Each structure stands twice: as C-alpha cells, then as structure tokens.
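Note sheet for the following structure.
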Amino acid sequence: MSATEATFPLSPEAREIRGPSAFGGGLRRFLYLTWMIGLTEYRLTYFGSALGYLWSLMRPLMLFGVLYVVFSQVLKFGEDVRNYPVLLLLNIVLFSFFADAATRSVTAVVENEQIVRKMHFPRIVIPLSCVLTATFTMLVNLVAVFVFLVAYGVDPRWTWLLLPLILIPLILLTAGAAMILSSLYVRFRDVSPIWAVLSTALFYATPVLYPIDKVPEDFQRVALANPIADLLQQVRRWVVDPSTQGAFDVIGGLPWLLIPTGVFLGICILGFVVFERQAPQIAEQL
Amino acid sequence: MPAPHAAVDVRNLRKTFRVPRQHMMTLKERALHPFRRAEFDELRVLRGISFQVREGEFFGIVGRNGSGKSTLLKCLAGIYRADEGEIRIAGRLAPFIELGVGFNPDLTAHDNVVINGVMMGLSPAQARGRFDEVIAFAELEDFLDLKLKNYSSGMQVRLAFSLMVHSDAEMLLIDEVLAVGDASFQQKCLDVFYRLREEGRTIVLVTHDTGMIERFCHRVLLLEDGLVEMSGDAHEVGRRYLELNFERRAEVPGAQSEGGDAADVADVWIEDAEGKRVPAVAHGEPFSVCALLDVRERIDRPDVHFAFNTDEVLNVFGATSRAVAANDDEPFLPGERIVVRMTSENALGDGRYFVDCSLHGAERGMIAFRGRACEFVVFGGTTGSGLVSLPHTMRVEREMERVT
Ligand SMILES: Nc1ncnc2c1ncn2[C@@H]1O[C@H](COP(=O)(O)OP(=O)(O)OP(=O)(O)O)[C@@H](O)[C@H]1O
Ligand SMILES: [Mg+2]
C-alpha cells in the first residue's frame, strides 16, 4: 500500500530535524526566551506580593542583621576590619546571588517538565533564566547596598565604576554551576540534598563573614583557589576599603592567580559541556 | 488540493528508549556500586519508519496505545533525538505538540500570550502586537486581567487555539487536542480545523478518533508496534485501525451460552460484503451477521433470532429467520451444521454493538442461546445522532405570510 504511493520532492529549503540541544531553536529565540522567562519569574517572585520589592531586599537584610549582631556585637569580630558592616552586607548580597541562582536551577528542569516534554526550545534557557532572575534580584539589592554605603560614610570613588568587572565573572561562574547542577539533577535526584549541604559549606568556606586577612597565612591561598573569594576580595578593595590589598597581591602574584582562574574557566566550560551533552536526552529521562 | 511538494520527509526513523533495570537514580548508589554496570531494558519504540507528508496536507496518525505515535511526533518536533534515520521538514514548525503548553497559570492572558508568542519564535514586540487579534478570536475580551488559573479549561483551550491560529507556523503537530472542552467547544475546535485546512497549513494530527480522521485527513498513517502498518486513504486506514483494535478481543467479555441437548450456537460473527470476517462495519455498507449451529436432535420448524444490543439499550433491532428465510420449514437434522446469515445495509449509528443469538423450535421454545456472542463497531455515520442513522434529507422553508 505505502510502497505504491508516489513520493514527492522536498522543497529546497527543507532542513533536517536533529533533536533538542542546548541552543537548538535559534539564537534570537534563545535570547528572547531567556529574557522573557527570567523577567517573568522575577516579577512573579516579588511582585505577586503586596510588599514586592521589600521582600526581595528582606532576605539578604535579615541574614545580614543576624550575622552582624552575632559577629560584630557578640563575638566582637569586625572591630579591626574597616567598614565591616558594609563589607558584610555587600558580601552577603553577592554570595546570595550565587547560591540562590544555583539552588533555583537544580530543580528547574524538573519543575518545567511540561514544556520540556512537549516543546522544542533551546534547553539552556532553563538554567540561564534562573541565573537571570537572580541577577535582577542582585542588581536591585545592590542599589540598597550603595545607599547603605553612602549612609555609612564611605566616600564614593571612581573605582565603584569597576563593579561590572566583578559582576560579569560572578554571573558567568554562576551560570556554569547552574548548568552542571540542573543537568545532573535529571539523572541523579540526590544532587538536591548534596547541593544544599555543599552550598552551606561554601558559604562558610568563602570569605563572606570574614575578610581574607583573618584566614591564617598558610591557608589564604587555599581559600583563594575559590574564584568567588578572589572576586569578593577585589570588590572589597574597589568599593569598601581602598586600603586593603587586591586579590592579585593577596594570593601572591600571577602564577598563583592562575589557580582560581583555572577553576573559574573549568566550571564554566564543564558546565557548558555537561549541559550540551545532556540536553538531547533531558526530555526522555524526566 | 495538496501541492505536489513534500513538507515532511521521514526515512527509516528508529528510536529506542533505554530504561534502567535497577534504579540507579542517585549518586549515592553510583558511589556504592561503582563497578556495577547499569543494565538497561531496550524499548524499541520506533523500528524503521518512513513516510511523507505533503504541503498543505491534513495528515493523521493513528495506532493503538503504546504504538509510538507520541514518540514519533516528538521526534518530528525535535523534542526527542532519533537514534537513526532522517527527518527533514520544510517550513516553519510550531514548536509544541499540545495546546496550551507553556501557559503559566499565575499570569494573566496578556503575559501568557506574549510569552507563548516568544516561545513560538516571535519577538516580544511582535507578540504584543498580535495580542488584540488573539484575544478577539478567543472571545476573551472580558477576562483580560484574570489570571489563567481562574480560567475555565475551555477558556484556556480557546486561548491556546487562538494562539495557534495566529502563530506564523506553517506546520502544526498536534497530539490529541480534543481531550478537553465540552461538546460545544469541541465543535468549535473542529471549525478551527476546517479553517486551518482551508488555509492550506500542513497539519499532522495524532488521534484515536476515526470520525475525525475521516472528516479531516487527506491521508492517514497507521502505526503498529513501531512500524508503519498501512498508510494512505483515510477511510481504508481507519477501517484497518478498527480491525486491529478489536482483533485481540475475539473473546467477548460477558458472553453467556446456554446450549441444550438438542443444539448449540457454536459461533457468531460479522462478515463484510465479500464474506470476510470483520470486527467493524462502516455505516451504509452491506454486512451480514452469521451464526453456526451444531444440531444434535431433529428440530421442526426451527427459528433463529438475532438481537442487537448496546451497553445501554437492549434490543436495538431483532431479526428472525422464520419471517424472512425462504426455506424456513425444513427441519434441522441431527449431525447437521447450519449456517444462518442475516444480511442488511448498515443503518446503525456509530457505536459498539453486541449480538445475541438464539435457536427456537416448534413446541420446544428456546433450544439454545448465546448472549453477547459477538461484538462489532459501526463507524462512518457522518450526520445525525442516535442508535440508527436513517438515510434522510432535510429542507428548511419559510412559511408564507398568511393573508387575513
Ligand atoms: N521517555 C520515555 N522513556 C521510556 N519509555 C518511553 C518514553 N516515552 C515513551 N516510552 C514508551 O514508548 C512506547 C510508546 O509510547 P508513545 O507515548 O509513543 O505511545 P502512543 O502511541 O502515543 O500511545 P497513546 O495512544 O497511549 O498516546 C510506550 O511503551 C512507552 O512506554
Ligand atoms: Mg500518545
């Protein structure tokens, strides 16, 4: 029956369907989609409630409040650190960005199961839109940080303008982690509890609560192997306390700086490679 | 009407799912058994499929549950990656395979329309530009600020349908759309299908509904166990599909048989015009109900009854051999095997029917009986409703104004 049916020539503009991939479906569509979904998710999280913007500030502020009281007032910790409260708040906002985006993206693919199984779109939109949502939150929170900075009496300096040089690598690093976590979770469901423990450990292992110079000399380089530590130290010099050393000097010059750079590039590339490899199968493994 | 160009060309498509036998779903298990090789069950769902869909064609895919229809559609849409074979598609393809995928229940119609438009490949500005049209078509002007979760399911589907119609997609892949919505809404969906068909969009529709197939599809593909069982004319494929569906149900559940010492109803079946046993009969076509009787004692003035029932209605129609058969007074003799055949043009409406068969004799009453002895399906009754579908015409006239 089917053998006797005539076959027809295919229009010349026909293209081959090769299945899903990280970027498959068009670059323009990828950009629009990431933007729309990231923005929508941000609006839903914070503007669904009456106090909107206040809530988005609330979490880092609460955390800051508690930690500030404990470390600064009870343990008398930050007395010899210049502008400690401002530093603490800035660090918390930046680190929370990383942790929130990564945590969000762990379950993101599974939460969007419906569209993953029933629609063709660039798979990478899912982790990246989580990062974008967290970026919006961070940018809005940074405004509050700078208000606090000025109110606290820190003089504005031109180096404040270098902030994007910190944020861009931080966002890229976060995106790398988000891609690894979201694709792994599809296959291994215990990625979620593991990440919960790991991110808490990372919070204390990264110089967020304490500046790097509180770390024993021998361990400073170990701590700075973590690229987030270097970024926080650098932003401390540029924004909060110009008298402190930059990451470059603390770690001991170029050869040592290659370590966090390598870790940074490793996570970004690994994230992309892992996700690209997983993307074609995500829909059927759900 | 379809232009002589192929819009979809699939060659030798294969897809195998590897389902892990033990559940190695966690890293912990991986770490505890690092050397255990994960074992997989291979599920060969598509086993070499080739077909073409022509430009502007309304193309149906049917097949029993688990035959691989959705998998095939997902391969076409690029949601699954095929293991082997080639899929080539000409024209812009709608990216989703079900209506309303990607709707966010917490957002208003406006936001959903924009996001969905972007998902379909429009820019946000273009998507916003089409908003009014989309809403007007869906007739949802009064509900703009309502969150989607507060829409009725019919309203949601209206919105989804409207988006589909207003997308730029030249080709639509649809997996069982009409599962939702009430009857009047389903009618609307059908109208939309007619319209899309007229507009010359290429549509690939997966469905279980043979009525839809015959009404819309230019051609149909029948999948069975991951292979193309048949493709081509909607009517023929639809019939073969029904046959497949009922083939494995030769034993009708609930069949009851009361044989006497004198005779048995050994078998009851349905034949088409050529005398072939069939599980389904198209409306309007000649068919026969047949019974095979094993006779052990002499039966004078024998009388065979057939009764047609549905699940709801007993005795939709009854027939008796005494009234019509010419040689009705000949007795049945011991050792004879008798075949009784009732032939008719099928006037029954679409649905499932059961046949009871009984044998009666002079002064003996009922000798043998077999209830639900056979089951068959009627399809292709296009107009009207009810148990019978009588041939008819209708006229609408205006009464002349009465002069007083
Ligand atoms: N992601 C998956 N992983 C493993 N097996 C799958 C997956 N998707 C489908 N299958 C299997 O493939 C077979 C065909 O499934 P498919 O959904 O294509 O059937 P279908 O023809 O659409 O059936 P239905 O009429 O019920 O919708 C089934 O046996 C199903 O269990
Ligand atoms: Mg299906």
Side-chain angles (χ1 to χ4, degrees), chain A residues 1-21 24-26 28-29 31-37 39-41 43-45 48 112 114-123 125 184-194 279-285, chain B residues 3-9 15 17-18 24-30 50-52 54-55 71 74-82 86-91 93 95-98 101-104 106-107 111 114-115 118-124 127 175 219 221 228 230-233 236-237:
Chain A
M1 174 82 213
S2 45
T4 63
E5 275 184 4
T7 54
F8 288 89
L10 208 59
S11 330
E13 79 267 27
R15 67 214 145 77
E16 190 164 355
I17 302 288
R18 290 213 184 75
S21 65
R28 239 171 44 113
R29 185 152 161 256
L31 291 174
Y32 287 143
L33 259 183
T34 310
W35 173 257
M36 286 300 294
I37 293 179
L39 186 66
T40 309
E41 208 45 45
R43 277 173 41 207
L44 278 177
T45 316
N112 289 298
Q114 275 297 313
I115 62 168
V116 175
R117 295 177 82 123
K118 294 184 177 156
M119 186 153 58
H120 172 71
F121 67 100
R123 302 303 192 201
V125 165
L184 276 186
Y185 182 68
V186 177
R187 289 183 62 186
F188 305 111
R189 294 300 155 101
D190 54 355
V191 165
S192 171
I194 292 175
Q281 285 124 41
I282 283 179
E284 54 195 87
Q285 285 177 346
Chain B
H5 253 299
V8 179
D9 187 51
K15 176 81 195 164
F17 291 111
R18 286 155 49 98
M24 296 284 271
M25 276 299 274
T26 63
L27 280 170
K28 189 187 93 193
E29 285 162 27
R30 261 258 179 266
S50 307
F51 66 94
Q52 281 197 333
R54 295 160 203 170
E55 257 168 28
T71 307
K74 284 178 180 175
C75 289
L76 291 185
I79 296 170
Y80 287 168
R81 174 171 286 180
E86 236 181 45
I87 304 174
R88 280 180 304 156
I89 288 190
L93 187 64
F96 48 78
I97 59 162
E98 256 174 45
V101 171
F103 276 173
N104 188 330
D106 289 316
L107 295 176
D111 294 337
V114 176
I115 291 181
V118 172
M119 285 176 170
M120 291 198 273
L122 302 179
S123 74
D175 197 351
R219 285 186 319 134
L221 179 84
V228 177
M230 191 176 170
S231 78
D233 174 65
E236 285 168 28
V237 177

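Heavy atoms only: backbone and side chains are in, while hydrogens, waters and symmetry mates are out. Labels below follow one simple rule: chain letters A, B, ... track the order of the sequence lines, proteins then strands, and each chain is numbered from 1. A quick note: this is a predicted structure, and the numbers were derived from the prediction, not measured.
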Minimum heavy-atom distance [X]-[Y], with the two atoms named:
| X | Y | answer |
| --- | --- | --- |
| M119(A) | V101(B) | CB-CG1, 4.2 Å |
| Y32(A) | P124(B) | CD2-CD, 3.3 Å |
| A77(B) | H120(A) | O-CB, 3.1 Å |

> Heavy-atom count around Q114(A) CD within 6.0 Å, excluding the residue itself: above 12?
Replying inline: no
Chain B contact via [X] - side chain, backbone, both or neither, heavy atoms under 4.5 Å:
| X | answer |
| --- | --- |
| V116(A) | backbone |
| F121(A) | neither |
| I194(A) | side chain |

>> For P9(A), is there any backbone N or O sitting under 3.5 Å from a side-chain donor or acceptor partner on H5(B)?
In response: yes
> So, the side chain of R18(A) versus the backbone of I87(B): is there a donor-acceptor pair under 3.5 Å, distance only?
Replying inline: no
If I take atom [atom1] from residue [X] and atom [atom2] from residue [Y], how far apart are they, to the nearest 0.5 angstrom?
| X | Y | atom1 | atom2 | result |
| --- | --- | --- | --- | --- |
| K118(A) | I97(B) | NZ | CD1 | 7.0 Å |
| M119(B) | R29(A) | CE | CZ | 8.5 Å |
| L107(B) | L44(A) | CG | CG | 4.5 Å |
| Y80(B) | R117(A) | OH | CZ | 5.5 Å |
| R43(A) | D106(B) | CZ | CG | 11.5 Å |
| E284(A) | R81(B) | CD | CZ | 9.5 Å |

>> Among D9(B), I79(B), V118(B), which residue has the highest count of heavy-atom pairs closer than 4.5 Å to chain A?
In response: I79(B)
> Would D111(B) and T40(A) satisfy side chain to side chain contact (heavy atoms under 4.5 Å, CB included), going step by step from the backbone distance to the final call?
Replying inline: CA-CA 8 Å; D111(B) 294 337; T40(A) 309; 5.7 Å; no
>> The test is side chain to side chain contact (heavy atoms under 4.5 Å, CB included); show your working for I89(B) and R15(A) and say whether it passes.
In response: CA-CA 5 Å; I89(B) 288 190; R15(A) 67 214 145 77; 4.3 Å; yes
> Given a strict heavy-atom distance threshold of 4.5 Å, which part of L93(B) is in contact with chain A: side chain, backbone, both, or neither?
Replying inline: both
